[in-house]
Amino acid sequence: PRLSAARYGKDNVRVFKREKDGDVETVTELTVCCLLEGKIEESYTVADNSPVVATDSIKNTIFIKAKEYPVNPIELFASMLGQHFLDKYPHITVANVDIIKHKWSRMVVDGKPHPHSFHRDGDEKRTVEARVTREGIDIKSSLKNLLVLKSTGSMFYGYVQDEFTTLKETWDRILSTDVDATWAWKTFPNVAAVTEQAAAFDKAFDDARTITFKTFAEENSPSVQATMYKMCEQILDAAPATASVSYALPNKHYFEVDLAWHKGVQNTGKDAEVYAPQSGPNGLIKCEVTRD
Ligand SMILES: O=c1[nH]c(=O)c2nn[nH]c2[nH]1
């Protein structure tokens, strides 16, 4: 047998950075995973640890670089952090840096943004996966865990009808999903190129979130498939430095409940008001749209 793939490092490194601009403070909370690749096979195959940068040292480095470097946008921090390992250790050829940014929104007190108080208004995450190599930097940015629901404006009809089909066609259903949207950037030649694009990362995240909300809300959706494709097209247009956009949307079903058994109560179709939210099974619809 031979070692066909290897990467190692530290996962779940929780880092918090507090930055002061006069009286106004900003906070950033991250969870970082940093995995290294390179000439490390001897540490696996012949128990030679000489090529191993200890995962504890990787963790230490993450804290030092969070102090030295800007932590926002996370795409730039991930790139600079990854590049450090390539610059410092000639035998390391790839740094995979994945970062989750947790949401701290500035509190509004008496109608005014508070200088140093924040609240966690939702589970949605902004994430980045950066693969820093000696040939270039590939970055994927994501918006994840954004739970949305619309109480109408969603349809599903015209699908295969055969001996396996029981689903009733509908022109008016509840649609709920947990948005997982990812946009892959065109390869950056180096950190300097990422730095040049720094403003594009926040803009892309804000645009992706706005496009997702607006399309989800306004389109009378013929299916999850059709709606997510429209989102992808618009994000590609909004972020020219991206190469592709992907969505993965669970269809979190809310089933109508037939209550006619009780005194003929009408609660289906146009009379539906009480629904049964389903934990599972759920649809899962995925797509990738690439700039041609
Ligand atoms: O939007 C939908 N897409 C599908 O493919 C599907 N299948 N069942 N319900 C569905 N809803």
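Ligands are counted one by one from 1 in listed order, and the atoms in each one are counted from 1 as well.
- Residue Asp162 qualifies as enclosed at atom CG: its count of foreign heavy atoms under 6.0 Å is above 12.
- Side-chain contact between Ser50 and Glu42 is absent, with no heavy-atom pair separated by less than 4.5 Å.
- No hydrogens or angles considered: nothing links the side chains of Gln278 and Asn282 as a donor-acceptor pair under 3.5 Å.
- When each atom of ligand 1 is checked for a heavy atom of Gln225 under 4.0 Å away, the hits are 1 (O), 2 (C), 3 (N), 4 (C), 5 (O).
- Side-chain contact check for Tyr159 and Ser223: no donor-acceptor pair (N or O, by modelled atom type) lies under 3.5 Å.
- A donor-acceptor contact shorter than 3.5 Å links the side chain of Asn267 to the backbone of Glu273.
- The contact set between ligand 1 and Ser223, taken as ligand atoms under 4.0 Å from a residue heavy atom, comprises 1 (O).
- When the heavy atoms of Tyr159, Phe156, Tyr157 are ranked by distance to atom 10 (C) of ligand 1, first place goes to Phe156.
- When non-hydrogen atoms are compared, ligand 1 lies under 4.0 Å from the side chain of Arg173 (C-beta onward) but not from its backbone.
- Not one N or O of Leu167 is nearer than 3.5 Å to an N or O of ligand 1, by distance alone.
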